Amino acid sequence: MTSTASPRTQPASSGRDAGSRRVFTALTGLAALAILLQGLWAGMFLEHDGERDAAESWIEVHATGGEVAIGLAALAAIWAIVRLRYRRDLVIGAVVLTVLLVLEAYIGGLIVDDGKDSLTPLHIPLALLLMAVAVWLPVRAGRAGEPARG
Ligand code: HEM
């Protein structure tokens, strides 16, 4: 009787699987770094609070950093869908990270453009949650999938 391994259990620890997971680890690791740096850029514009030009420049850096983080997370999600489909944990995690980052950027935009300062207590804890997800993903990718059956 021939065994039909499901896609979820297929490549397990093959060389191709390890290479795909390494790329995913690099993309999500860089996303985590970009998110960490968002805290630094925020610290810079808060330090220059009251000095319009300096604060505005750092807010722009913070906005660009957000785009970089979104781009890296989206690439990781696409990579996981195409190359690591059988790893539902990584696919779902990377999609969730991308969606939450877009939400974070949208909330940031509302704070800056529409003066919705009341959203700052949502923006900052969400950034901490994002950091946790972005660190969990590369650590999780380091674990090989279930061994192939049959
Ligand atoms: C600990 C981390 C973070 C802190 C403390 C923080 C803080 C802030 C604050 C206070 C503002 C409003 C600035 C103002 O009122 O002038 C803001 C805006 C913004 N934040 Fe964050 N943020 C953090 C992380 C992130 C992350 C991870 C993203 C990623 C998407 C992000 C994206 C944005 C964007 C796009 C804006 C609007 C910038 C603009 O429209 O020019 N932030 N952030």
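Counting starts at 1 for both ligands and their atoms, in listed order. Nothing here was measured: the structure is a model prediction, and the numbers come from that model.
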A80 versus F24, closest heavy-atom pair with distance: CB-CE1, 3.7 Å
Name the closest protein heavy atom to atom 14 (C) of ligand 1, giving the residue it belongs to and the distance to 0.1 Å. V112 CG2, 3.8 Å
Heavy-atom check, side chain of T28 versus side chain of V135, under 4.5 Å: no
So the protein N/O/S atoms within less than 2.8 Å of atom 21 (Fe) of ligand 1 come down to H62 NE2, H123 NE2
Any non-hydrogen side-chain atom of R87 less than 4.5 Å from a side-chain atom of R21? yes
For L72 and L33: C-alpha separation, side-chain torsions, deciding distance, then whether side-chain contact (heavy atoms from CB on, under 4.5 Å) applies. CA-CA 10 Å; L72 287 165; L33 179 63; over 6 Å; no
How far is atom 11 (C) of ligand 1 from the closest protein heavy atom, and which atom is that? F45 CZ, 3.7 Å
Looking only at protein heavy atoms, which one is nearest to atom 30 (C) of ligand 1, and what is the separation? L101 O, 3.5 Å
With side-chain contact (heavy atoms from CB on, under 4.5 Å) as the criterion, how do V96 and L100 come out once you've worked through the C-alpha distance, each side chain's angles and the decisive distance to 0.1 Å? CA-CA 6 Å; V96 166; L100 288 181; 3.9 Å; yes
Using a 4.5 Å cut-off on heavy atoms from C-beta on, say whether the side chain of L137 contacts that of R140. no
For atom 16 (O) of ligand 1, which protein heavy atom lies nearest, and how many Å away is it? I59 CD1, 3.1 Å
Proximal atoms of ligand 1 relative to G39 (non-hydrogen, under 4.0 Å): 1 (C), 2 (C)
Could you go through residues 123-134 and list every donor-acceptor pair under 3.5 Å that involves a side-chain atom there, pairing it with any protein atom two or more places apart or in another chain?
from : atom 1 : to   : atom 2 : distance (Å)
H123 : ND1    : E104 : O      : 3.3
H123 : ND1    : E104 : OE1    : 3.4

Take Q38 and W41, measure what side-chain contact (heavy atoms from CB on, under 4.5 Å) needs, and give me the verdict at the end. CA-CA 5 Å; Q38 286 299 88; W41 313 139; 3.2 Å; yes
Has T98 got a side-chain atom pairing as donor or acceptor with A73's backbone, closer than 3.5 angstrom? yes
Is it true that G109 lies under 4.0 Å from ligand 1, counting heavy atoms only? yes
